[in-house]
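Everything on this sheet refers to the single structure shown next.
For this chain, numbers begin at 1 and follow the sequence in order.
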Amino acid sequence: MNKQAVELFRKRLLGSLLTRDDVEYESASVIWNGMIDRKPSLIARCLSQSDVVCCVEFAREQHLLVSIRGGGHNVAGNALCDGGLMIDLSLMKKVKVDAKAKTVICQAGCTLGELDRATDRFGLAVPAGIMSETGVAGLALGGGTGWLVRKYGLTCDHLLSAEVVTADGRTLVANSFENKDLFWGLRGGGGNFGIVTSFEFRAHSVKKVFGGVIVHPRSLARDVLRFYRDFMSDASESLTAYCGMSSAEDGTPTVSILVCYCGDSAAGEKELKPLRDFGSPVVDTLAEIPRLDMQTMVDPAFPYGNRNYWKSSFVGELSNEAIDIMVETASRMESPLSTVLCEYYYGAASRIAETETAFSQRAAHYNIGMIAQWKNPLEDETHVKWAQEGYEAMRPYTNGRIYANLMGGDQMEDPKQIQAA
């Protein structure tokens, strides 16, 4: 790479340009998923849209491989590339809320926590995610499910407009009036249509929810999952609830139902009574809580730096046989940090036509995730194999479609898997 060109590139940036010789390089090249270890030749820490344009032009001129880093998890590891240019947007965190219009504009480096704190000041919420350290950009571009998905739909359904830098260095606005095809793709297509530098979302008035977690012993997993399936099939769309088989802090295997009722708390408490009365829960934390508490509830279970490998698939009907496979897969978990996750999405998002946006999995009721998480690099093969085997065992019960935001890195390299997303 031409050193003179690199220095000229550095001077054009408002932000900073890091090479492997810079002290800040090591920390800037580490992402949330500790399993990903790649070393870009250059890291451009952008502060503005003009910085992003400079990066694209430089990469094109120098024929460099490019990766884009937003603000959050990036479990697949696409934020990092070996030997190329990483365009780092994680410092671009401005958020502007229009409380009267119930809209919010945020830059692409924002996490959900940063977006949530900004909107919560006005009693507003953009339906987005279940963990505060998730990046807004990746979540929205891949569809975006969360605690409000059944009542309000996907994050991408609330995208009003986006500013995008294309591969030829142009800056475009994509919305329902301008660049409509690009806008279609940005809503659930998983990205790679350009570099989105800012998003404008529609928001809803939500300050508190009725939520928490109900925990049962793992020995009751089949019964709990079957009850969860039957209960959710008749539940109002104000209720989003996910069921997961994981482990308590002391390593005890559990099956848990995580609950978020968005509406009148008294009505929520009444609707959730059968769920709370079922069996003999060892933990029941359901109560009226600030929405921000709901958004951070599972954060401790997914700390920065752990090794992660995820695979997921959509299921139309959750049969007893499929539940048996999930329970059997959970019984083989060798890491107390791993989870078999069952998420019920059917609701507001399902009433939008599958051709209206790039997110085409709207008819599926459930998403089943094999969430492998561990700490020791020497155990990589064991835990990756567990997730892959669980995914394959579930295949006969799935519709062949995949949620882009839960794809592992190897799936991103398989054209058939990408087409299924």
Side-chain angles (χ1 to χ4, degrees), residues 1-94 106-111 114 133-138 141 163-171 190-198 303-309 377 380 408-410 412-413:
M1 198 183 311
N2 186 292
K3 290 186 177 181
Q4 187 175 359
V6 171
E7 288 309 308
L8 181 60
F9 175 40
R10 188 193 304 272
K11 291 177 181 177
R12 291 176 63 196
L13 292 174
L14 292 174
S16 58
L17 182 67
L18 304 178
T19 69
R20 298 185 188 186
D21 295 329
D22 290 305
V23 174
E24 301 94 335
Y25 176 89
E26 283 303 319
S27 60
S29 63
V30 174
I31 61 174
W32 172 83
N33 185 358
M35 195 176 180
I36 309 301
D37 182 20
R38 299 182 187 134
K39 300 298 179 185
S41 294
L42 299 171
I43 299 176
R45 309 207 74 188
C46 299
L47 294 178
S48 67
Q49 188 178 73
S50 63
D51 276 355
V52 177
V53 173
C54 287
C55 289
V56 170
E57 292 175 344
F58 176 77
R60 187 174 65 248
E61 292 165 1
Q62 300 296 318
H63 305 287
L64 289 176
L65 179 66
V66 168
S67 64
I68 315 298
R69 180 180 188 173
H73 283 162
N74 193 244
V75 67
N78 292 333
L80 290 175
C81 62
D82 277 322
L85 169 66
M86 180 171 82
I87 302 176
D88 186 353
L89 310 179
S90 64
L91 300 181
M92 296 174 60
K93 295 181 177 294
K94 293 179 182 177
C106 70
Q107 290 185 304
C110 287
T111 63
E114 290 158 344
E133 290 188 356
T134 303
V136 172
L141 294 173
E163 293 186 352
V164 187
V165 177
T166 62
D168 58 4
R170 291 181 298 154
T171 299
N192 217 28
F193 303 104
I195 303 173
V196 181
T197 55
S198 72
Y304 199 99
N306 278 2
R307 305 176 80 77
N308 284 265
Y309 179 86
D380 285 3
D410 56 345
M412 291 288 190
E413 298 171 3

Residue pairs passing the salt bridge (Lys or Arg N to Asp or Glu O under 4.0 Å) test with at least one member in residues 66-78, sequence neighbours excluded, are none
CD of E24 to OG1 of T19, rounded to nearest 0.5 Å, is 9.5 Å
Rounded to the nearest 0.5 Å, the CG atom of L18 sits from the CZ atom of R45 at a distance of 6.5 Å
Closest non-hydrogen atoms of L13 and C55, given as atom of the first, atom of the second and distance, are CD2-SG, 4.3 Å
When rounded to the nearest 0.5 Å, the distance separating OH of Y304 from CD of E133 is 8.5 Å
When rounded to the nearest 0.5 Å, the distance separating CG of L89 from OG1 of T197 is 8.0 Å
dist I68:CD1 -> I195:CD1 (nearest 0.5 Å) comes out at 3.5 Å
**Asked** Is it true that a side-chain atom of R307 and a backbone atom of G34 form a donor plus acceptor pair closer than 3.5 Å?
**Response** yes
dist C81:SG -> M86:CE (nearest 0.5 Å) comes out at 8.0 Å
Q. Is the closest basic N to carboxylate O distance between K94 and E114 below 4.0 Å?
A. no
Of all heavy-atom pairs linking Q107 and M92, the shortest is CB-O, 3.2 Å
For R20 and Y25, indicate whether the former's side chain and the latter's backbone hold a donor-acceptor pair under 3.5 Å. no
Using only atom types and a distance under 3.5 Å, with no angle test, would you say the side chain of D88 pairs donor to acceptor with the backbone of S90?
yes
Between G169 and V53 the two heavy atoms that sit nearest each other are O-CG1, 3.7 Å
Near D380 CG, under 6.0 Å, is it more than 12 heavy atoms from other residues, nucleotides or ligands?
yes
By side-chain hydrogen bond (donor to acceptor under 3.5 Å, both in side chains), R12 pairs with (sequence neighbours left out) E57
* To do: Using atom types as modelled and distance alone, determine if a side-chain donor or acceptor of N308 lies under 3.5 Å from a backbone N or O of N33.
  => no
Sequence neighbours excluded, the answer for ring pair (Phe, Tyr, Trp, His ring centres under 6.0 Å) partners of F9 is F58
